[in-house]
Amino acid sequence: MPETEGLTEIFKDLFSPDKILIVVRSGIILIFGLPLIFFIAKWLRKHLPSKMTAQQKMLISKSVLYLGVTLLIISILNDLDFKISHLLGAAGIIGIAVGFASQTSVSNIISGLFLVFEKPFEVGDVITVNGTTGIILSIDLLSIKLRTFDNKLVRVPNETIIKSEVINVTRFPIRRVDINVGVAYKEDLSRVKKILLDIADKNTLCLTEPEPMVIYSGYGNSSVDLLFLAWTVKEDWFKLKNTLMEEIKARFDAEGIEIPFPHVSLYAGEKSKPISVIVEKELNDRDKSSEPENQNKEEKESQ
């Protein structure tokens, strides 16, 4: 039968020794080629010159990875006798359709390239964007990955980074600690200032250049407000802030300097009756003075 003979020929052609050899060879290339490409990309990322930034190393590594995988796939398809021209034609048609549907992705890729060349931050920096603060784990073509200090992963699209205000907290080697301090109006401000500067001078985490400063920031509702400024290396910022807060409280207690809490004054107005206030001590005195009278009444009632 002609149909049976035709199927037999197709079956023989598919499972001919040559075809099986090609499939086996392609499988071996795929099995050993992919791990090799990943290894080369990872090796490049670790051994590129140290003068290159982390994101430049990452970009080169990923470019080698994507290019290697693409060449590997094209090589396997070519070995399988697949017409590359057909694939390119189909890819062109699909690319046009995908291009219209992925304008956001293209925008993120272009924004990612701008970030790589502009270098406003690097992998390992601490940044704040749209109210989120975290350490940069990676800078990819579509987004950057942040790890917050409470160990959450945040993905921020590159387009958002370009359009938003970004604060690089650790760009420079030193940072300033700002501490607001309030003291009572009765305190000697020059003495308070000397004590604060002495605290900074004795703290080994504080830098002498730039030197610490005390600025009088204003008169508050219940205190004179001061701003205490001290500089330190960026790695010790949290530690210095905590130690200064502890040392200021301990030193003020030892020196008898009052850190006041807010006070509220009650005023009823000129035409209103005065607000009567009974002090707790007066209440106790009244209770004590009324005790004999109460005893006398109880004795008379008993009689």
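Side-chain atoms are counted along with the backbone in the values below, which use heavy atoms only and exclude waters and symmetry mates. Along the sequence shown, residues are numbered consecutively beginning with 1. Given the structure is predicted, the values throughout are model-derived calculations rather than measurements.
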Please confirm whether the backbone N or O of Thr160 pairs with a side-chain atom of Ser164, one donor and one acceptor, at under 3.5 Å? yes

Shared hydrophobic cluster for Leu207 and Val177 (ILVMFWY, side-chain gaps under 4.5 Å): no

Mind checking whether Glu165 and Asn130 have side chains closer than 4.5 Å, heavy atoms only? no

Residues, nucleotides or ligands: over 12 heavy atoms within 6.0 Å of Phe149 CZ: yes

Please report the shortest heavy-atom distance between Ile136 and Glu122, naming the atom on each side. CD1-O, 3.5 Å

Residues in salt bridge (charged side-chain N to carboxylate O under 4.0 Å, His left out) with Lys193, at least two apart? none

Pairs under 3.5 angstrom only: tabulate donor-acceptor contacts from the side chains of residues 223-238 to other protein residues two or more places apart or in another chain.
unit_1	atom_1	unit_2	atom_2	d
Ser223	OG	Asp225	OD1	2.9
Thr232	OG1	Leu205	O	2.9
Lys234	NZ	Thr170	O	3.0
Trp237	NE1	Arg176	O	3.0

Going from CG on Asn151 to CZ on Arg147, what distance comes out if it is rounded to the nearest 0.5 angstrom? 5.5 Å

Atom pair SG (Cys206) and CG (Leu244), whose distance is rounded to the nearest 0.5 Å: 5.0 Å

side-chain contact (heavy atoms from CB on, under 4.5 Å) partners for Lys163, two or more places apart: Glu159

Please say yes or no: joined through hydrophobic side-chain contacts below 4.5 Å, possibly via intermediate residues, are Leu36 and Val64 part of one cluster? yes

What residues form a salt bridge (charged side-chain N to carboxylate O under 4.0 Å, His left out) with Arg191, not counting sequence neighbours? Glu255

So which heavy atom on Gly182 is nearest to which on Pro260, and how close? O-CD, 3.6 Å

Checking side-chain contact (heavy atoms from CB on, under 4.5 Å) between Ile144 and each of Val166, Val123, Asn158, which is the one that passes? Asn158

side-chain hydrogen bond (donor to acceptor under 3.5 Å, both in side chains) with Ser190: which residues, sequence neighbours excluded? Asp188

Between atom CD of Glu187 and atom CD1 of Ile259, what is the distance when rounded to the nearest 0.5 Å? 9.5 Å

For residues 33-44, which residue pairs pass the side-chain hydrogen bond (donor to acceptor under 3.5 Å, both in side chains) check, not counting sequence neighbours? Trp43-His47

Would you call Tyr216 and Val192 a side-chain contact if the rule is heavy atoms closer than 4.5 Å? no

For the residue pair Leu72 and Gly33, what are the closest heavy atoms and their distance? CD2-C, 4.1 Å

Shared hydrophobic cluster, Ile162 / Ile139 (ILVMFWY, side-chain heavy atoms < 4.5 Å): yes

Taking every non-hydrogen atom, the tightest pair across Arg171 and Asn168: N-OD1, 3.1 Å

Hydrophobic side-chain clustering at under 4.5 Å (ILVMFWY, transitive links): who's grouped with Leu67? Put none if nobody. Leu71

List in chain and number order the residues that pass side-chain contact (heavy atoms from CB on, under 4.5 Å) with Ser138, two or more places apart in sequence or in another chain; answer none if no residue qualifies. Met58, Asp140, Lys145

In terms of hydrophobic clusters joined by side-chain contacts under 4.5 Å, are Val181 and Val214 together? yes

In one Ile/Leu/Val/Met/Phe/Trp/Tyr side-chain cluster, 4.5 Å: Ile248, Ile215: no

With sequence neighbours excluded, tell me which residues meet side-chain contact (heavy atoms from CB on, under 4.5 Å) with Asp150. Thr148, Lys152

With a 4.5 Å limit on heavy-atom distance, are the side chains of Ile127 and Val169 in contact? no

Side chain to side chain, Leu146 and Ile135, heavy atoms closer than 4.5 Å: no

How would you list all residue pairs meeting side-chain hydrogen bond (donor to acceptor under 3.5 Å, both in side chains) that involve residues 200-209, not counting sequence neighbours? Asp198-Lys202, Asn203-Thr243, Asn203-Glu247

What residues join Leu153 in its hydrophobic cluster, counting side-chain heavy atom gaps under 4.5 Å, either direct or through other members? Leu137

Listed by chain and number, what are the side-chain hydrogen bond (donor to acceptor under 3.5 Å, both in side chains) partners of Thr133, not counting sequence neighbours? Thr128

